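Take a look at the structure below.
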Amino acid sequence: MEMKFKTLTGFIIEKQADYPQASGELSRLLSDIGIAAKFVNREINQAGLGEVMGFAGEVNVQGEEQKKLDIYANEQFIAALKSGGECCAIGSEENENIIILENDISKHGKYVVAIDPLDGSSNIESNVSIGTLFSIYRRRTVRGPATLEDFLQPGRNLVASGYVIYGSSTMMVYTTGYGVNGFTLDPSVGIFILSHPDMKYPGTGSIYSINEANYFSFPEGVRQYIRYCQEDDLETFRPYSTRYIGSMVADFHRNLIRGGIFIYPGTRKNKKGKLRLIYESNPVAFLAEQAGGRASDGFRRILDIQPTTLHERSPLFIGPNNMVKKAEEFMNLYSSDFKIE
Ligand code: P6P
């Protein structure tokens, strides 16, 4: 009897021929991420039950209280990447400095991985979907341990990126530059199954996602765009619907499927906004472009931004092409002083 579905592992191997210099290392790396995701998924599903909930009493580099699941997720992805041997260093939201993997099999790894192990974790108690974000680069340094230089690459150098969303079902969505594919975890057998082949933004969208509580600190271009979204115009499906859950992976995933723009802009106080360029904006920007969409900081393509530090922030405007372009029009018209060179 023939299996009627494709598993993540089978799909990765099948698509391996797409990768230049395909030698299986990237396939192994993606599989390692899938394995760690299953362990994190199990803990999240039990979080409401066990003593795993609640604060771990430690604080991460962002100065935020760390929940135990943050730490657990970080440890799981580090362990999986260490054991796989394809990755020689990790940059994580939970660690101030990069983690060099110097065990015998990892130190020769060709890739470095940037991760946000559990984005949106403040939503854990309210059972809102949360996610893991990952970005995979080829290391730039040629000998010795990896360095920060291996992570300070513009997103256009990404070899692969993706996320795991832990929600009503758990999915892994990723791209290697040849389209976006989504896999749903069948927890009864512990395998990810291809459920969303070749994901693309719908032709146009009618959702806008932004934390409007910050309205009065937004640039005028963002305020004008919000008013544009709220105007009556049947031809352009306005007023749009506003949807914002405060968990970027969940907001991005819904907007990718139903068609919508997500904006986390800079404000007068924080011109670079809140989201982190290397392990939050870049991975979803790669996915968005591969799904026929667009991602910018309101002016510049996200994937062209040259990072200067591991945890630097960037404003994020991401979604269907026409929606992001419209928002950029308002930014150029009203808020060119927010341009970051
Ligand atoms: P705010 C979660 O903490 C996060 O980093 C993203 O997942 C989310 O989009 C954003 O912050 C929400 O931030 O300021 O709207 O609560």
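It should be emphasised that the depicted structure is a prediction, and the values quoted were computed from it without experimental measurement. Every number for a ligand or one of its atoms is a count from 1 in the order of the listing.
- Remark: ligand 1 atoms within the under-4.0 Å shell around heavy atoms of S247 are 7 (O).
- At a cut-off of 3.5 Å, with distance as the only test, no side-chain donor of E149 or T141 sits close to an acceptor on the other residue.
- At a 4.0 Å heavy-atom cut-off, ligand 1 touches F262 through the side chain alone.
- Within the set E93, E212, K274, M248, the minimum heavy-atom distance to atom 3 (O) of ligand 1 is found for K274.
- Contact between D119 and ligand 1 is present, with at least one heavy atom of the residue lying under 4.0 Å from the ligand.
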Run the ring-ring contact (aromatic ring centres under 6.0 Å, His included) test on F183 and F11 for me, step by step, so that the C-alpha distance in whole Å, both residues' side-chain angles and the decisive distance to 0.1 Å come before the verdict. CA-CA 10 Å; F183 299 78; F11 184 86; 5.1 Å; yes
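- Close approach to Y264 involves these atoms of ligand 1, each under 4.0 Å from a residue heavy atom: 1 (P), 13 (O), 14 (O), 15 (O).
- Under the 6.0 Å cut-off for aromatic ring centres, Y279 and H311 qualify, their centroids lying closer than that.
- The cationic group of K326 lies under 6.0 Å from the six-membered ring centre of Y228 and within 45° of the ring axis, placing it in a cation-pi geometry.
- Annotation: N214 places no N or O atom under 3.5 Å from an N or O atom of ligand 1; distance criterion only.
- No close placement of the Y111 and Y137 rings is indicated, their centers lying 6.0 Å or farther apart.
- Checking only distances, N211 does come within under 3.5 Å of ligand 1, N or O to N or O.
- Near G246, the atoms of ligand 1 lying under 4.0 angstrom from a non-hydrogen atom of the residue are 2 (C), 8 (C), 12 (C).
- Between L303 and N282 the shortest side-chain heavy-atom distance falls below 4.5 Å.
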